[in-house]
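To start, the structure under review is shown below, and the notes come after it.
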Amino acid sequence: MSKHWSISDLLAGKVDADTTVTVKGWVRTRKDSKAGFSFINLHDGSCFDPIQIIAPAELDNYNSEILQATTGASMAVEGKLVASQGKGQSFEVQATAIEVLGLVDDPASYPIQPKPHTMEFLRTVAHLRPRTNAIGAVTRVQNCLAQAIHRFMHERQFYWIHTPLITASDCEGAGEMFRVSTLDQTHMPMTDKGEVDYSQDFFGKEAFLTVSGQLNVETYVSAMSKVYTFGPTFRAENSNTSRHLAEFWMVEPEIAFADLAQNADLAEDMLKYIFKAVLDERGDDLAFFNQRIDKTVIERLEGVVNSEFERMDYTEAVKILQNSGKKFEFPVEWGTDLQSEHERYLAEEKVGKPIVLMNYPKDIKAFYMRMNDDGKTVAAMDVLAPGIGEIIGGSQREERLDILDSRIDEMGLPKENYWWYRDLRRYGTVPHSGFGLGFERAVLYATGMKNIRDVIPFPRAAGTAEF
RNA sequence: GGGAGCAUAGCUCAGCGGAAGAGCGACUGCCUGUUAAGCAGUUGGUCGAAGGUUCAAUUCCUUCUGUUCCCUCCA
């Protein structure tokens, strides 16, 4: 058997013509010609385009197997790589032997038909949808983004810190949490006070799935200077939208000796870097997205890469919204959080590119965000992307113990739970900043896909944990 | 958690108180170095479930289930 090549390598011209090669993959389409052969478009995930196989009728299993190979069937093909005699592809494989590995049972009901499907339907066949053009392209782009994130961080000498997914900090300050417990839920041990006795639970205390690696990674930034997390995160919010998941991946860089402005610069640099990687490396997939999914996606990515992000204070944004002349469902008032409609107006209508909103009122932000000198705002920032909304949220962290303590008290949080977090401010505290990038939201932006459930392989959301 | 939709063939949808339709797919034939192919034919449905109104319900009403989108939450 000759060498097994990726289709991407063959189409890219990495192999000389007339070389005997083996390709393996799945049939996208088969078309039989009376001239004595069949055209088989075979895909293996390595690139957007399938490779064309010419299967001559002289093959001994032509009638018995090859003519039975419908869309979705798997096969191993050996043949000669030749310049294509037809239009539409540079190379094709003149097969000398085809082993049909697996046929499709009942082709009429095979879910992935060679025709357009709705994303809603494909979600119901999540085990087969990576075989489609769209989800295959999403998969390559999401991988490109993930690799680019690690590359960006590595080039800037950040350390990747594996923060825990299970946490006993029940107040990480970012929404509802999933409980992790091995207690028998039909016979919960109780204390004298009539409360569940978690001292008998696996960890000896209440435990949850993390909503953020930030608090943990702050310990490492206080020693390694530049760190980041990249891993799954969990939110038990009952939110049913096209941009929320109960389980999603988040990138959380944290930098020491850095203020909010440097934090915003890092966020901008990172987004530009990873979207440029997609433009450079996934032209084939982007061409598909631009043609079939969102006709503005390439233009938008190029816009992000080539333009300066807008920076704007919350206070300024409130004034703009109030003077916009737009009728909003929710009123705009200094001191309240901006609604989706407000963020959309700013990012999509007012600015038309990503915008960094900074310095929010302290009462609508988390306890660990650094108090500004005005005593009213904290050094928080959100990066809003047109079409997606909030893609990044971050802040400069409060490094002054006395102020941190008063914020913890103000919010009625149990100080003892934060003893190790507070220690960081007792022992050689430094100014530091960080942010969280919703990874799937970045994939949405890079692909033009509309629903976050279509850019993660197996979406978990309220009421959804199939597959 | 709040709100609004939707549920009819493998898929996308039309229909409508009075005998279940189209396109795509699949299959068959013709044509064909084809490639989002063309022409013709065939196949294919417990009209989401359970109640109710009616001479008659896929159609109207109620409940349930599933699902989509928006808001809240945030990334």
Side-chain angles (χ1 to χ4, degrees), chain A residues 28-42 49-56 67-68 70-72 82 84-89 92 94 104 106-125 128 132-133 172-176 211-214 232-252 267 288 291-292 328-330 337-341 343-344 364-366 382-385 388-394 435-445 450-453 456 461-464 466:
Chain A
R28 181 143 279 148
T29 57
R30 193 196 83 235
K31 165 84 179 151
D32 307 317
S33 170
K34 272 293 159 54
F37 50 87
S38 292
F39 302 102
I40 297 169
N41 279 325
L42 201 70
D49 288 317
I51 196 166
Q52 177 159 281
I53 309 296
I54 308 299
L67 290 184
Q68 311 303 312
T70 53
T71 300
V82 297
S84 178
Q85 298 171 30
K87 292 172 182 168
Q89 61 278 319
E92 63 190 20
Q94 292 277 357
V104 166
D106 187 18
S109 65
Y110 179 60
I112 310 300
Q113 297 161 348
K115 54 160 288 187
H117 286 105
T118 60
M119 292 300 152
E120 289 79 5
F121 169 69
L122 291 177
R123 267 171 236 157
T124 68
V125 286
L128 299 172
T132 62
N133 283 329
E172 288 185 345
E176 298 294 312
V211 294
S212 165
Q214 180 202 320
T233 301
F234 308 88
R235 303 278 163 89
E237 303 284 351
N238 191 2
S239 54
N240 203 342
T241 78
S242 58
R243 60 187 192 283
H244 287 86
L245 291 166
E247 177 184 84
F248 63 99
W249 285 55
M250 189 153 64
V251 185
E252 297 177 285
F288 166 80
Q291 188 186 353
R292 298 292 177 83
F328 294 112
E329 187 185 347
F330 295 90
D337 215 349
L338 298 182
Q339 303 291 319
S340 287
E341 56 176 345
E343 297 182 343
R344 258 203 311 278
I364 58 172
K365 289 294 179 182
D382 285 347
V383 179
L384 311 177
I388 311 288
E390 187 174 343
I391 193 170
I392 281 177
F435 62 83
L437 165 69
F439 180 68
E440 288 77 17
R441 288 186 181 176
V443 181
L444 277 182
Y445 197 79
K450 293 292 173 289
N451 194 308
I452 201 164
R453 299 177 189 204
I456 190 169
T464 302
E466 188 66 58

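Keep in mind it's a predicted model, so treat the numbers as computed, not measured. Note on naming: letters A, B, ... go to the chains in the order of the sequence lines (proteins, then strands), and numbering restarts at 1 for each one.
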Whole-Å distance, A:I364 CD1 to B:C73 C1', equals 13 Å
Open item on the list: Under 4.0 Å, counting only non-hydrogen atoms across every strand here, what does A:F37 touch: a base, just sugar-phosphate, or nothing?
Closed with: base
_Any base atoms under 4.0 Å from A:F121, or only sugar-phosphate, or nothing? Heavy atoms, all strands._
sugar-phosphate
From CG of A:D32 across to P of B:U34 the rounded distance in Å is 14 Å
Would you mind classifying the nucleic acid contact of A:R28 as base, sugar-phosphate or nothing, using non-hydrogen atoms under 4.0 angstrom?
nothing
What is the nucleic acid contact for A:T70, judged by heavy atoms within less than 4.0 Å: base, sugar-phosphate only, or nothing? sugar-phosphate
| Is a donor-acceptor pair below 3.5 Å formed from side chain A:Q52 to base B:U34, judging by atom type as modelled? | yes
For this session: Answer with yes or no whether A:H244 presents, from its side chain, a donor or acceptor under 3.5 Å of a partner atom in the base of B:C73.
Result: yes
Looking only at atom C1', what distance separates B:A20 and B:A9, rounded to whole Å? 10 Å
Looking only at atom P, what distance separates B:U59 and B:U54, rounded to whole Å? 16 Å
Against the side chain of A:R292, the closest entry in B:A36, B:G1, B:C71 is B:A36
### Query
Does the side-chain ring of A:F248 lie flat on the base of B:A75, meaning centres under 5.5 Å and planes less than 30 degrees apart?
yes
_Applying a 4.0 Å non-hydrogen cut-off, can you work out what A:T241 is touching in the nucleic acid: base, sugar-phosphate, or nothing?_
base
Rounded to whole Å, OH of A:Y445 lies from C1' of B:A75 at a distance of 16 Å
Atom CG of A:L245 and atom P of B:C74 are separated, to the nearest Å, by 16 Å
Before giving the answer on side chain to side chain donor-acceptor pair (under 3.5 Å), spell out for A:N451 and A:R243 the whole-Å C-alpha distance, their side-chain angles and the decisive distance to 0.1 Å.
CA-CA 6 Å; A:N451 194 308; A:R243 60 187 192 283; over 6 Å; no
Which of B:G33, B:C70, B:C74 is nearest the side chain of A:R441? It is B:C74
Secondary structure of RNA chain B per the Watson-Crick/G-U criterion (both distances under 3.5 Å; [ ] crossing, | other strand, . unpaired) is (((((((..((((....[..)))).(((((.......))))).....(((((..]....))))))))))))....
Closest to the side chain of A:R243, out of B:U68, B:C71, B:G10, is B:C71
Here the distance between atom C1' of B:C73 and atom CZ of A:F234, to the nearest Å, is 18 Å
Ranking B:C11, B:G33, B:U68 by distance to the side chain of A:Q113, first place goes to B:C11
Quick one: label A:P114 by what it contacts on the DNA or RNA (base, sugar-phosphate, nothing), any heavy atom closer than 4.0 Å. sugar-phosphate
- Message: Check this for me: does the side-chain of A:E92 come within 3.5 Å of the base of B:G33 through a donor and an acceptor?
- Response: yes
To the nearest angstrom, the NZ-P distance between A:K115 and B:G23 comes to 13 Å
Here the distance between atom C1' of B:C73 and atom CD of A:E343, to the nearest Å, is 12 Å
Requested in this report: With heavy atoms under 4.0 Å as the rule, sort A:Q89 into base, sugar-phosphate or nothing.
Outcome: base
Whole-Å distance, A:F39 CZ to B:U32 C1', equals 8 Å
- Quick one: label A:E120 by what it contacts on the DNA or RNA (base, sugar-phosphate, nothing), any heavy atom closer than 4.0 Å. sugar-phosphate
Which of B:C69, B:C27, B:G33 is nearest the side chain of A:S84? It is B:G33
At 4.0 Å (heavy atoms only), tell me whether A:Q291 reaches a base, stays on the sugar-phosphate, or touches nothing.
nothing
